[in-house]
There are 2 protein chains.
Amino acid sequence: MIHCPKCEQVDSISKAGMVRGKQRYYCKSCQSHFSFADAPKPRSKHQVTIVDIARELGISKSTVSRALRNQSDIHPGTRKAVMDLAQQLDYQPNLLAYGLVKSRTNTVGMIVPEFHHYFFPEVIIGAQEVLQAAGYNLMICQSSESYQTEVANVKALMASRVDGLIVSMTSQTNNVDHFKALENKGVPLIFFNRICPELETHRVVVDDYEGAFRAVTHLLEQGYRRIAHIAGPASLLISRLRQQGYTDALMAYGLEPEPELVITYDLTDEKARIYAKHLLDLPEPPDAIFAVNDPTAIQVILIAKAKGVRIPEDLAVVGFSNDPISAIIEPGLTTVSQPVGEMGRMAARLFLETARLGEQTIPRTETLSTELIIRGSSVKK
Amino acid sequence: MIHCPKCEQVDSISKAGMVRGKQRYYCKSCQSHFSFADAPKPRSKHQVTIVDIARELGISKSTVSRALRNQSDIHPGTRKAVMDLAQQLDYQPNLLAYGLVKSRTNTVGMIVPEFHHYFFPEVIIGAQEVLQAAGYNLMICQSSESYQTEVANVKALMASRVDGLIVSMTSQTNNVDHFKALENKGVPLIFFNRICPELETHRVVVDDYEGAFRAVTHLLEQGYRRIAHIAGPASLLISRLRQQGYTDALMAYGLEPEPELVITYDLTDEKARIYAKHLLDLPEPPDAIFAVNDPTAIQVILIAKAKGVRIPEDLAVVGFSNDPISAIIEPGLTTVSQPVGEMGRMAARLFLETARLGEQTIPRTETLSTELIIRGSSVKK
DNA sequence: AACATTTCCGGGAATGTTCCCGGTAGTTTT
DNA sequence: AAAACTACCGGGAACATTCCCGGAAATGTT
């Protein structure tokens with residue numbers, strides 16, 4: 001009945017329990033356990049590999065590997081044969097295996113807080129442009145302004161063994177342990193826009209303080225005096241810097257910033273509308289609003305228009321970023337433009353640099369310049 | 001001087017050429033070649049692996065693997081020990097190795113033609129939402145409306161062994177061999193928006209024909225008769241369908257579409273402006289323009305306004321997609337709204353379905369519904 | 001003719017996992 | 001007390017590559 005696979009015995013066999021759903025046997029003469037292998041699984045379609053090519057051509061996989069990478073130590077004839085067959089079989093190198101042995105995946109991870117507005121997609125375009133040219137792929141994650149998601153994103157990207165990370169932080173990120181952990185792992189980390197002041201990394205920013213200062217100064221020059229500021233969350237350095245620029249511009253004009261005119265909020269469109277309404281409903285409403293970014297400013301304009309507040313006569317509005325909508329909305333939104341695509345390109349370049357030089361690159365901060373774009377929302381005719 | 005590493009002989013050694021920059025020797029007594037290994041490379045920081053944990057704990061890697069995956073056949077005590085140490089060492093599983101053995105990477109690739117406008121990023125948000133919930137990562141590529149780049153993207157994604165592809169084609173894609181090749185490889189392929197009619201795959205679309213028909217009918221009902229159409233490139237099915245809807249709506253009203261009022265173009269903003277100007281400068285200009293999408297319609301409105309053409313009195317404009325700008329521009333843009341996020345979610349769901357069921361899913365086309373959003377650009381007061 | 005060099009190729013380790021399966025010890029059943 | 005079972009664990013193959021290094025033959029040099 002039951003043969004021992006080793007000694008071919010039949011009568012010295014006894015049962016030895018069910019294990020993992022299969023019967024197990026014990027052969028007393030061999031003193032060994034055994035069970036019967038289940039049917040080999042169908043082995044679904046498998047991609048063409050280097051050994052497939054080698055077998056077909058009757059050569060070794062080493063040779064195929066060399067031929068494919070066009071290295072030396074390869075006869076032109078065999079190289080051509082390999083290349084041709086690879087083409088014919090539509091061979092695609094397996095980046096997983098490659099990455100495993102080289103511990104390099106040629107992909108970099110990017111984590112951005114959101115995808116809804118103009119800004120981040122445009123940065124990504126810039127970054128991808130230079131990375132692609134350098135032979136890198138990009139893996140993009142949205143943290144959706146959630147700290148938890150951001151941590152998960154970092155983990156996922158690291159699990160994929162990306163060669164580096166380009167990140168703009170969540171507004172909720174206070175704990176940066178998940179980024180700190182990357183240092184020990186030797187993974188280049190580049191922040192842009194929403195950087196992390198506590199970490200010594202490469203950074204790409206614009207001069208937020210200066211931009212805000214100029215924007216508010218412009219409002220003052222236009223004669224506005226009761227200038228409100230809808231700021232971003234204090235957790236973000238850009239929020240603090242822009243707010244500081246706002247404050248200092250007022251002070252430089254001998255004005256004291258009024259607490260009731262400064263609101264910090266979480267950057268959601270919904271809250272933007274609520275606070276815009278709030279400001280305009282104040283007993284003594286502001287005559288100008290400097291918003292932390294364009295999406296916010298846009299909401300302010302929409303609310304104001306809906307309430308019949310005239311722009312710029314009753315209320316001036318200034319934003320930050322030069323979102324394309326700024327040029328389309330009426331009146332046009334005065335805004336601090338920043339080189340968005342260039343931010344992405346610069347971040348990518350910084351990555352490439354550290355990837356090339358390794359550890360010895362010293363972290364540096366690239367500050368790109370802003371420009372005040374003056375449109376109808378802040379200039380009375 | 002030179003010892004043979006095998007027989008320790010000294011005098012039977014002769015040189016045997018330089019190979020790969022290193023001196024090679026020949027030992028006559030052993031009849032073998034040898035050379036001296038160069039210094040082992042410094043072996044840079046390496047991520048914590050399962051064997052590190054195993055070594056530390058004095059157990060085997062199999063056990064660690066089981067513990068980490070919380071499988072059976074593991075003692076609660078050892079599991080805890082492994083888990084704790086993994087936490088402490090910040091162990092991240094190597095997805096490359098995982099993918100190699102499982103031939104599954106838990107990532108899906110997505111190829112979109114562009115990133116500049118509202119549409120594609122929003123689809124991505126939707127797709128990522130459901131994929132992330134299912135434990136998948138997303139790898140996003142922009143083809144930048146270039147056939148070459150699209151082909152390269154497919155290759156890159158396949159090299160990364162993504163588990164599936166979600167694609168909206170380039171307007172230049174006429175040859176679809178690179179997609180056809182995926183069938184043999186058993187990689188699920190889902191098209192959305194710009195689908196590929198020649199391939200039997202899952203698809204997510206809206207009823208472009210119907211949407212266009214309704215949009216143009218609306219214009220006719222509003223009394224417009226000389227209705228132009230700025231269409232997308234004929235290579236895209238959505239362009240053809242929307243154009244057909246336009247044509248049929250006119251015909252249903254007993255009107256013959258005039259060739260000079262129908263323009264097909266490449267969807268760049270620049271060309272949109274040129275053709276908008278062209279139409280408005282016609283000796284007998286149209287009294288309404290139905291644009292293939294909102295970005296085009298927006299350009300038309302901007303050009304018209306710049307020329308002093310009153311909207312909707314002199315010219316009505318209707319778009320397609322309900323880009324957020326449509327609600328912000330003045331007058332508001334009448335447009336055919338499509339459930340953008342839902343498109344992404346649906347595409348992701350279709351992928352998950354085929355990933356679960358394997359080969360036996362029969363390709364199907366999910367058609368989502370559109371809605372005509374009527375705003376000021378097409379309704380005379 | 002003996003040695004040296006060059007050219008090309010193959011074998012096998014290593015990468016970090018999972019998976020299969022047998023081993024061992026202790027417990028329960030007959 | 002033997003037989004059967006359970007609970008854990010470890011060894012080693014497999015995955016698709018790259019890399020190192022030695023083998024073999026052809027060519028060049030004294």
Side-chain angles (χ1 to χ4, degrees), chain A residues 5-6 14-20 22-26 28 30-38 40-41 46-52 54 59-69 71-79 91-104 161, chain B residues 5-6 14-20 22-26 28 30-38 40-41 46-54 58-69 71-79 91-104 161:
Chain A
K6 289 184 188 168
S14 58
K15 289 191 178 177
M18 292 287 287
V19 68
R20 286 174 289 262
K22 248 187 318 186
Q23 184 57 255
R24 202 169 164 188
Y25 300 96
Y26 184 70
K28 273 163 288 186
C30 314
Q31 295 188 20
S32 70
H33 295 262
F34 63 90
S35 60
F36 295 106
D38 32 33
K41 53 192 164 190
H46 99 141
Q47 311 258 63
V48 179
T49 75
I50 225 168
V51 269
D52 293 327
I59 58 180
S60 79
K61 59 183 161 59
S62 311
T63 307
V64 176
S65 173
R66 270 192 307 257
L68 253 12
R69 282 171 301 139
Q71 276 191 345
S72 54
D73 266 18
I74 190 82
H75 187 87
T78 50
R79 167 154 62 227
Y91 166 79
Q92 296 299 336
N94 187 329
L95 228 66
L96 300 175
Y98 175 90
L100 195 56
V101 17
K102 304 274 277 187
S103 24
R104 224 161 59 89
R161 294 297 189 266
Chain B
K6 289 184 187 166
S14 60
K15 288 191 178 179
M18 291 287 286
V19 68
R20 285 174 290 262
K22 250 186 321 187
Q23 183 59 256
R24 203 169 163 185
Y25 300 96
Y26 184 71
K28 274 164 286 188
C30 314
Q31 295 186 23
S32 69
H33 295 264
F34 63 89
S35 59
F36 295 106
D38 32 32
K41 53 190 164 192
H46 97 141
Q47 310 260 61
V48 179
T49 75
I50 225 168
V51 268
D52 293 327
I53 298 181
I59 59 180
S60 79
K61 59 182 163 59
S62 311
T63 306
V64 176
S65 174
R66 269 191 309 256
L68 253 12
R69 282 171 301 139
Q71 275 192 345
S72 54
D73 267 19
I74 191 81
H75 187 86
T78 48
R79 167 153 60 228
Y91 166 78
Q92 295 298 336
N94 187 328
L95 227 66
L96 301 174
Y98 174 90
L100 195 55
V101 17
K102 304 274 278 188
S103 24
R104 223 161 59 90
R161 294 298 190 265

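Here is how names work: the chains are called A, B, and so on, in the same order as the sequence lines, proteins then strands, and each is numbered from 1.
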Exercise. Reckon B:Ser72 touches a base, only the sugar-phosphate, or nothing at all at heavy-atom distances under 4.0 Å?
Worked result: nothing

Exercise. Can you tell me how far P of D:dC15 sits from CD1 of A:Ile50, to the nearest Å?
Worked result: 15 Å

Seminar exercise, completed: Rounded to whole Å, CG of A:Asp73 lies from C1' of D:dG22 at a distance of 12 Å

Exercise. Base, sugar-phosphate, or nothing: which does B:Tyr26 touch, judged by heavy atoms less than 4.0 Å apart?
Worked result: nothing

Problem set entry | A:Ser35 side-chain proximity, nearest of C:dC9, D:dG10, C:dG22 | C:dG22

For this session: May I ask you to evaluate whether B:Lys102 reaches the phosphate of C:dC19, defined as a side-chain N or O under 4.0 Å from OP1 or OP2?
Result: yes

Exercise. Closest to the A:Ala37 side chain: C:dC21, C:dC9, D:dA16?
Worked result: C:dC21

For this session: List the steps and the verdict of side chain to side chain contact (heavy atoms under 4.5 Å, CB included) for B:Thr49 and B:Asn94.
Result: CA-CA 8 Å; B:Thr49 75; B:Asn94 187 328; over 6 Å; no

Exercise. Are B:Arg20 and D:dC20 close enough that a side-chain N or O sits under 4.0 Å from OP1 or OP2?
Worked result: no

Exercise. Rounded to the Å, how far apart are A:Arg66 CZ and D:dA16 P?
Worked result: 20 Å

Exercise. Per the end-axis method with five pairs at each terminus, what is the bend angle of the helix from C:dA1-D:dT30 to C:dT30-D:dA1, to 10°?
Worked result: 50°

Problem set entry | Length of the line joining A:His33:NE2 and D:dC8:C1', which is rounded to integer Å | 13 Å

Problem set entry | Distance below 4.0 Å between B:Ser103 side-chain N/O and D:dC15 OP1 or OP2 | no

For this session: To the nearest Å, give me how far apart CD1 (B:Ile59) and C1' (C:dT24) are.
Result: 17 Å

For this session: Look at A:Ser60 and C:dC9 and indicate whether a side-chain polar atom (N or O) is within less than 4.0 Å of OP1 or OP2.
Result: no

Exercise. Under 6.0 Å from the NZ atom of B:Lys15, do we count more than 12 heavy atoms belonging to anything else shown?
Worked result: no

Exercise. Please give, in whole Å, the distance from D:dA14 P to A:Leu96 CG?
Worked result: 20 Å

For this session: Please determine if a side-chain N or O atom of A:Arg79 lies less than 4.0 Å away from the OP1 or OP2 oxygen of C:dC8.
Result: no

Exercise. Where the side chain of B:Ser65 is defined as all heavy atoms beyond and including C-beta, which of C:dC21, C:dT18, D:dA4 is the nearest nucleotide?
Worked result: C:dT18

For this session: Give a yes/no answer on whether the side chain of B:His75 brings an N or O atom under 4.0 Å of OP1 or OP2 in D:dA7.
Result: no

Problem set entry | A:Leu68 CG to D:dA16 P, straight-line distance once rounded to whole Å | 15 Å

Exercise. Phosphate oxygens OP1/OP2 of D:dC8: is one of them under 4.0 Å from a side-chain N or O of B:Thr63?
Worked result: no

For this session: Start with the C-alpha distance between B:Tyr98 and B:Arg104, add both sets of side-chain angles, then the distance that settles side chain to side chain contact (heavy atoms under 4.5 Å, CB included), and finish with yes or no.
Result: CA-CA 8 Å; B:Tyr98 174 90; B:Arg104 223 161 59 90; 3.4 Å; yes

Exercise. For B:Tyr91 and C:dT17, is the shortest distance between a side-chain N/O and OP1 or OP2 below 4.0 Å?
Worked result: yes

Exercise. Between atom NZ in B:Lys22 and atom P in C:dT6, what is the gap in whole Å?
Worked result: 16 Å

Seminar exercise, completed: Out of D:dA4, C:dG11, D:dT18, minimum distance to the side chain of A:Ser62 belongs to C:dG11

